[in-house]
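In what follows, a structure is listed as structure tokens, so that the remarks can point back to it.
Quantities reported herein were computed from a predicted structural model and do not represent experimental measurements. Ligands are counted one by one from 1 in listed order, and the atoms in each one are counted from 1 as well. Residues take their numbers from the sequence shown, with the count starting at 1.
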Amino acid sequence: MIKKCLFPAAGYGTRFLPATKATPKEMLPILTKPLIQYGVEEAMEAGIDQMAIVTGRGKRAIEDHFDISYELETQLKGNSKEELLKEIREVITKCTFSYTRQIEMKGLGHAILTGQTLIGNEPFAVILADDLCYNENSSVLAQMVEVYKKYQCCVVAIEEVAKEDTNKYGVIDGKLIDDSDNIYRVSTMVEKPEPKDAPSNLAIIGRYILTPDIFDIISQTKPGRGGEIQITDALMELAKVGKVIAYKFEGKRFDCGSVDGFVEATNFFYKKVC
Ligand code: UTP
């Protein structure tokens with residue numbers, strides 16, 4: 001039912017300078033795989049095979065990654081190292097990739113609006129590849145697709161964070177529904193509130209399922225916190241009419257946009273494979 005996944009990947013990644021001066025943050029690897037490939041594989045686990053990527057200047061390595069490298073393929077053919085290309089080859093053959101550029105970095109909401117040309121008029125998923133999610137059985141996005149099937153409205157993934165960290169996230173308030181202990185009908189959303197102003201400690205992480213009416217709303221959303229067009233502000237309009245669900249997912253999330261989270265993810269995946 002959800003066929004497309006949008007990857008806003010135009011940000012500057014300033015917390016990783018100088019590494020991100022000429023290399024996209026999304027191409028930084030956890031072990032041997034770039035962050036964005038983890039994201040694409042998560043989308044595939046949710047049954048999605050059309051990847052739509054919003055890039056910006058200096059991000060061409062992403063397009064090259066999801067393409068054949070004939071020289072490399074020829075060089076490694078019949079060699080024991082050929083196996084190392086197997087995973088990415090599978091991704092490339094099973095999915096399509098389309099790209100558009102965000103000309104000015106005006107915030108996540110604006111990046112999502114830029115992706116409208118790739119998405120069209122249908123519900124779609126959004127993955128922020130610098131939030132790396134892991135769950136043994138069902139990927140976080142696959143869990144969210146199930147929630148979407150039931151409620152047929154926007155779904156945001158949330159997790160509990162330390163109260164002093166609310167100013168790093170969009171924070172929601174809402175009511176648990178349908179006797180669940182992990183699904184909320186959202187009543188309020190605030191972008192990066194100071195702990196004293198936060199409506200809860202339930203923070204939105206980088207996974208969304210959005211309905212296409214969000215595009216018109218974003219195009220009317222004024223710049224908010226930090227002078228950027230915030231997806232949280234746009235979603236608040238839908239929350240007012242009860243059309244946003246927050247889902248406390250099962251699994252782990254690593255904030256790989258921060259050095260601490262990146263190191264934590266590296267250690268976690270290293271322990272899993274070695
Ligand atoms: P971040 O807030 O992590 O910003 O964006 P950033 O530029 O990537 O990193 P720092 O804070 O400077 O280190 C969250 C997500 O939204 C995308 C980013 O690429 C990232 O996936 N984004 C953000 C855009 O695509 N465009 C924007 O204008 C802003």
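Residue-ligand proximity: K106 is placed with a non-hydrogen atom under 4.0 Å from ligand 1.
Of all the atoms in ligand 1, the ones that sit under 4.0 Å from a non-hydrogen atom of Q102 are 24 (C), 25 (O), 26 (N), 27 (C), 28 (O). Interface atoms of ligand 1 facing A111, defined by a heavy-atom separation under 4.0 Å, are 24 (C), 25 (O), 26 (N). The ligand atoms of ligand 1 that sit less than 4.0 angstrom from a heavy atom of Y12 are 7 (O). Every atom of ligand 1 with a heavy atom of L108 under 4.0 Å away is listed here by number and element: 16 (O), 29 (C). Annotation for ligand 1: atoms under 4.0 Å from non-hydrogen atoms of E26 are 19 (O). Near D130, meaning under 4.0 Å from any of its heavy atoms, are these atoms of ligand 1: 3 (O), 20 (C), 21 (O).
Remark: among candidates G206, P8, G257, the nearest residue to atom 17 (C) of ligand 1 is P8, based on non-hydrogen atoms. Here the shortest heavy-atom distance to atom 2 (O) of ligand 1, taken over K168, E228, Q230, R15, belongs to R15.
The CG atom of L84 sits 8.0 Å away from atom NZ of K81, with the distance rounded to the nearest 0.5 Å.
In this model, a donor atom of one side chain and an acceptor atom of the other lie less than 3.5 Å apart for Q102 and H110.
Considering backbone and side-chain N/O of A129, none are found under 3.5 Å from N/O of ligand 1. Checking only distances, F16 never comes within under 3.5 Å of ligand 1, N or O to N or O. Checked by distance only, ligand 1 and A10 come closer than 3.5 Å through their nitrogen or oxygen atoms.
In terms of protein heavy atoms, atom 22 (N) of ligand 1 is closest to G11 N, 3.8 Å. The protein non-hydrogen atom at the shortest distance from atom 28 (O) of ligand 1 is G107 N, 2.9 Å. Of the protein's non-hydrogen atoms, T14 OG1, 2.5 Å is the one closest to atom 12 (O) of ligand 1.
The six-membered or imidazole ring of F269 lies near that of Y134, with a centre-to-centre distance under 6.0 Å. Ring centers of F215 and F124: under 6.0 Å apart, within the cut-off.
In this structure, atom 5 (O) of ligand 1 has its sub-4.0 angstrom surroundings free of protein heavy atoms.
Contacts between V54 and ligand 1 below 4.0 angstrom, taking non-hydrogen atoms only, are absent altogether. The proximity of K25 to ligand 1, defined as any non-hydrogen pair under 4.0 Å, is limited to the side chain.
We find that K150 and D178 are joined by a salt bridge, their nearest charged nitrogen and carboxylate oxygen being less than 4.0 Å apart. Salt-bridge check for R60 with E63: failed, with every basic side-chain N at 4.0 Å or more from each acidic carboxylate O. In summary, D49 and K3 do not engage in a salt bridge, as defined by a charged side-chain N under 4.0 Å from a carboxylate O.
Linking Ile, Leu, Val, Met, Phe, Trp and Tyr residues whenever their side-chain heavy atoms come within less than 4.5 Å leaves I158 and I209 in two separate clusters. Follow the hydrophobic side-chain contacts under 4.5 Å out from V155 and you reach I205 in the same cluster.
Contacts of Y99 classified as ring-ring contact (aromatic ring centres under 6.0 Å, His included), with partners at least two apart in sequence or in another chain: none. Remark: K243 pairs with no residue by the salt bridge (Lys or Arg N to Asp or Glu O under 4.0 Å) rule, at least two apart or across chains.
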